[in-house]
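Each chain gets a letter, A, B and so on, in the order its sequence line appears, and its residues count up from 1.
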There are 2 protein chains.
Amino acid sequence: MSSSEFPDKAADLSSPAAIPPRERIVSSAADLFRKHGIRGIGVEAIAEAAQTNKMTLYRKFGSKDELLCATLRQVTQRAGALWDELERDFSEDAAAQLKRWVEFQVERLEQEPGGCDLANAAVELRDSDHPAHAVVQEFKNAQRDRLAAVCEAAGSSDPQLLADTLSLLLEGARVSVQTSGPEGSSRRFRESCEATIAAFSSK
Amino acid sequence: MSSSEFPDKAADLSSPAAIPPRERIVSSAADLFRKHGIRGIGVEAIAEAAQTNKMTLYRKFGSKDELLCATLRQVTQRAGALWDELERDFSEDAAAQLKRWVEFQVERLEQEPGGCDLANAAVELRDSDHPAHAVVQEFKNAQRDRLAAVCEAAGSSDPQLLADTLSLLLEGARVSVQTSGPEGSSRRFRESCEATIAAFSSK
DNA sequence: CATGGGTGTGACCGGTCGGTAACGTTCATC
DNA sequence: GATGAACGTTACCGACCGGTCACACCCATG
């Protein structure tokens, strides 16, 4: 503790730079929860990963559960933003929008082999009274409704059932990646969706 | 430690009676893992639930991970036995077999709102090197293959894809129960399956 | 320069966890 | 009745956990 007090400022990319500690904590928490599970990581490790300490973490978030809910809410917001971006790319052809949605989910499936953070959290927290469950449930139903709107616009024979079916396929694919590996049923998620959409195409 | 050494033998139903301690431990472990998650329950509580103690638990199973694998293997065997039973009930009409499979899964969905123990374990244990992952993966792929055999017999247009699609629907339904509640997409699992099967019916 | 809010530091608390050691007990077998 | 395997009991270990306390620090504002 004497000379050269800031050894590798070059490696301090994007961490204590301009981003306020609260956001750093949420980002680190999301990352570590994803890697190790909620019960598998301690608050101290989260604080260190965020280049801060446990005390400031507890000043921003009253408890680990609160921090968890905050990270889940960030995940839902990010997912919502991706939806918005996707819809901006939508062509006017409503049928093409559904195919675009499928492609989008295929990409996420390949790029995020850890599955859905929200679903994983809900599975890990068996206690359905946990506040995180409300966040997850609200988000999942919202996602389904947005998808149903697309199905409706595409003029399928039974838009609600199509949305539910595609939702189940997606949820199943994102967990199958974890249970059966990348060579499991999730590998054919795209074809499953296409066959389903074709089956529901009106007249 | 003096008189009345066996206070309530009447309540000792099915526990220390004739069932050997090893099976009792596995059963209790399966039950408690299901209720509280793997990381959410301690070995001591498992031993007590099995009407035994930690020491004998560790004499039968070298570690908590070993015990977990043993319980997961029991789950796979039980599921395999249910499959066998289901196939014995199969009518000769191959198409009816698929409908029977759907009904069977609908029942499980309603009776076991906790989802699939294997999938839940895989989600909770993020570390893919954990030995439990091998048990889960092998089982999931075996289940898919058995389903594919039924699809093949039913003479659908693309039996493999149908099996993968139904697998995804099932996996999705079993996790959606936990993420979206019983009023989520899993509510229409039966109709999703029926529509899918209809779409794949050959000519 | 004084103030005060946001932040860092380290020690600490009570509790729980997975796992082990040592010793006692039961009970069937020879 | 001796033997030995299987099981029970208690205490203990080291590690880690979520959460708190007291105190020092930095820095912008007045």
Below 3.5 Å is the cut-off: list the nitrogen or oxygen pairs between protein and nucleotides 21-26 of chain D, distance only.
none

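- In this structure, the side chain to side chain contact (heavy atoms under 4.5 Å, CB included) partners of B/Glu23, at least two apart in sequence or on a different chain, are B/Ile19, B/Pro20.
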Restricting both atoms to N or O, compile the protein contacts to nucleotides 11-17 of chain C shorter than 3.5 Å, with distance only.
none

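- Put simply, B/Lys60 has a side-chain N or O that comes within less than 4.0 Å of OP1 or OP2 on D/dC7.
- Each end of the helix from C/dC1-D/dG30 to C/dC30-D/dG1 yields a helix axis from five base pairs, and these two axes differ in direction by 10° (to the nearest 10 degrees).
- Applying the salt bridge (charged side-chain N to carboxylate O under 4.0 Å, His left out) rule to pairs touching residues 149-159 of chain A yields nothing, sequence neighbours excluded.
- Considering only residues two or more places apart in sequence or on other chains, B/Ser167 meets the side chain to side chain contact (heavy atoms under 4.5 Å, CB included) condition with A/Ser185, B/Arg144, B/Leu147.
- Qualifying side chain to side chain contact (heavy atoms under 4.5 Å, CB included) partners for A/Val177, counting only residues two or more places apart in sequence or in other chains: A/Leu109, A/Pro113, A/Ser186.
- In this structure, CD of B/Glu48 is placed 12 Å from P of D/dG8, rounded to the nearest angstrom.
- Within the model, atoms CG of B/Leu161 and OG1 of B/Thr165 stand 4.0 Å from one another, a figure rounded to the nearest 0.5 Å.
- The shortest distance between the side-chain N/O atoms of A/Thr52 and the OP1/OP2 oxygens of C/dG8 is below 4.0 Å.
- Taking only side-chain atoms of A/Tyr58, from C-beta outward, the nucleotide of C/dG19, D/dT20, C/dG8 with the closest atom is D/dT20.
- Residues satisfying the side-chain hydrogen bond (donor to acceptor under 3.5 Å, both in side chains) criterion with B/Gln105, sequence neighbours excluded, are absent altogether.
- Whole-Å rounding puts the B/Asn53 CG to C/dA22 P distance at 18 Å.
- In this model, the phosphate group of C/dT7 is not approached by any side-chain N or O of A/Thr56 to a distance below 4.0 Å at OP1 or OP2.
- Contacts of A/Gln74 classified as side-chain hydrogen bond (donor to acceptor under 3.5 Å, both in side chains), with partners at least two apart in sequence or in another chain: none.
- Considering SG of B/Cys193 and CD of B/Glu103, their distance stands at 9.5 Å, rounded to 0.5 Å.
- We find that CG of B/Leu57 is positioned 13 Å from C1' of C/dT20, with the value rounded to whole Å.
- Within the structure, every pair that satisfies the salt bridge (charged side-chain N to carboxylate O under 4.0 Å, His left out) test and touches residues 72-86 of chain B, not counting sequence neighbours, is listed here: B/Asp84-B/Arg146.
- Residues B/Arg22 and A/Ser63 each lie close to DNA chain D; by heavy-atom proximity, the contact nearer the 5' end of the strand is made by B/Arg22.
- In terms of the side chain to side chain contact (heavy atoms under 4.5 Å, CB included) criterion, B/Ser128 has no residue partners (sequence neighbours excluded).
- Considering only residues two or more places apart in sequence or on other chains, B/Glu48 meets the salt bridge (charged side-chain N to carboxylate O under 4.0 Å, His left out) condition with none of them.
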